[in-house]
Amino acid sequence: MAMIAPSILSADFANLERDVRGIAQNGGDFVHVDVMDGLFVPNLTVGIPVVKALRPVTALPLDVHLMIQRPIRYVEAFVQAGADYVTVHVEADTQENTLAALERVHALGRRAGIVLKPGTPVEAAEPYLRLCDMILVMTVEPGFGGQRFMADMMPKLRALRARLDTVNPGCLLEVDGGVDTQTAPVCVASGAQVLVTGSAYFRREDRGEFVRAIHALAAPGMADGGF
Ligand code: DX5
Ligand code: ZN
């Protein structure tokens, strides 16, 4: 089965607790938290206090996607706030600092990963492959929900899956941006195991049905019925 990580970017922020509890009630697998700094991307969202506030609200893993410059400055604070997965953009700092950021997350016993913007080639992931628990491939330009899915990212997903199968088969491959019931199947067929969905999940009346439709997709390396 494929797994789903609804992004709270499209939640009702005045009812965030209700919406985050709803993700578990509807069978979701992760809570995806989009952190933006207004510099790395032209938008501002939530940060450390919101992760901390959400921690007691859900037993699901908090999947924190940092769209911030020099994320090494904050990875430990996000882990201490309760993040289970912390992913950092390879474009946001030097290779040395990105490696150090992943190591800092691991040193605190949590899972770490990298993110690739649409214009960033597969080769940019190479120095980090063995250190990652998750790799996130953007299928929109990061910054905003509700954008159009970029199907031309599928070769990148396939190439990463092939490299990971060789060097780090346990690493999860995640896709983010414009994922809905129309676009999810090609993501999964291209090697994605975790699908981030913001607007497509939250605009649905029956969110549980949406989750079940994602779970019904047969993801690579994932036995049916459980992760
Ligand atoms: C975009 C964020 C995404 C976004 C996805 O920068 O990383 O997680 O919330 O939203 P949708 O599913 O609406 O494209
Ligand atoms: Zn995201």
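Ligands are counted one by one from 1 in listed order, and the atoms in each one are counted from 1 as well. Note: hydrogens, waters and symmetry copies are ignored here, and every other heavy atom, side chains too, is used.
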With the Zn ion (ligand 2) as the reference point, give the N/O/S atom of [X] that is nearest.
X: His65; value: ND1
X: Asp34; value: OD1
X: Asp176; value: OD2
X: His32; value: NE2

His65 pairs by side chain to side chain donor-acceptor pair (under 3.5 Å) with which of Thr45, Asp34, Thr87?
-> Asp34

Per-atom contacts of ligand 1 with [X], taking only distances under 4.0 Å to non-hydrogen atoms:
X: Met138; value: 7 (O)
X: His32; value: 8 (O)
X: Ser7; value: 8 (O), 9 (O)
X: Gly177; value: 14 (O)
X: Val196; value: 8 (O)
X: Asp34; value: 2 (C), 3 (C), 4 (C), 7 (O), 8 (O), 9 (O)
X: Pro142; value: 6 (O)
X: His65; value: 7 (O)

Based purely on interatomic distance, does Gly146 place a nitrogen or oxygen under 3.5 Å from a nitrogen or oxygen of ligand 1?
-> yes

Can an N or O of Met36 be found at a distance shorter than 3.5 Å from an N or O of ligand 1?
->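 Met36 vs ligand 1: no N/O contact under 3.5 Å.
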
Please say whether more than 12 non-hydrogen atoms of neighbouring residues, nucleotides or ligands are located less than 6.0 Å from OH in Tyr128.
->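 Counting neighbours around OH of Tyr128, more than 12 heavy atoms of other residues, nucleotides or ligands fall under 6.0 Å, so yes.
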
I need the nearest protein heavy-atom contact for [atom]: residue, atom name and distance, please.
atom: atom 10 (O) of ligand 1; result: Gly145 CA, 3.6 Å
atom: atom 12 (O) of ligand 1; result: Gly198 N, 2.7 Å
atom: atom 14 (O) of ligand 1; result: Gly178 N, 2.7 Å
atom: atom 1 (C) of ligand 1; result: Phe144 O, 3.7 Å
atom: atom 6 (O) of ligand 1; result: Gly143 N, 2.7 Å

When clusters are formed by joining ILVMFWY residues with side-chain heavy atoms under 4.5 Å apart, either directly or through shared neighbours, do [X] and [Y] land in the same one?
X: Phe144; Y: Val115; result: no
X: Ile48; Y: Leu44; result: no
X: Leu195; Y: Val31; result: yes

Indicate yes or no: does [X] engage [Y] in a salt bridge with an N to O separation below 4.0 Å.
X: Glu91; Y: Lys117; result: no
X: Asp84; Y: Arg55; result: yes
X: Asp12; Y: Arg18; result: yes

Heavy atoms only: give me the nearest Val51-Val64 pair and the separation to one decimal.
->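 That would be CG2-CG2, 4.2 Å.
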
Kindly give the heavy-atom pair with the smallest separation between Ala200 and Asp180, and that separation in Å.
-> CB-CB, 3.6 Å

At under 4.0 Å between heavy atoms, which part of [X] makes contact with ligand 1: side chain, backbone, both or neither?
X: Thr197; result: backbone
X: Ser199; result: both
X: Tyr201; result: neither

Nearest-option assignment for atom 4 (C) of ligand 1, heavy atoms, candidates Thr183, Asp176, Asn43 = Asp176

Report the relative orientation of the aromatic rings in Phe40 and His89; use parallel for angles under 30°, tilted for 30 to 60°, perpendicular for over 60°.
-> tilted

Test item, Ala200 contacting ligand 1 (heavy atom, 4.0 angstrom) =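 In this structure, Ala200 fails to qualify as a contact of ligand 1 - no heavy atom is under 4.0 Å.
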
Under a 3.5 Å distance rule, please check whether [X] uses its side chain to pair with a backbone N or O of [Y] as donor and acceptor.
X: Ser10; Y: Ser199; answer: yes
X: Asp29; Y: Ala5; answer: no
X: Arg111; Y: Met134; answer: no

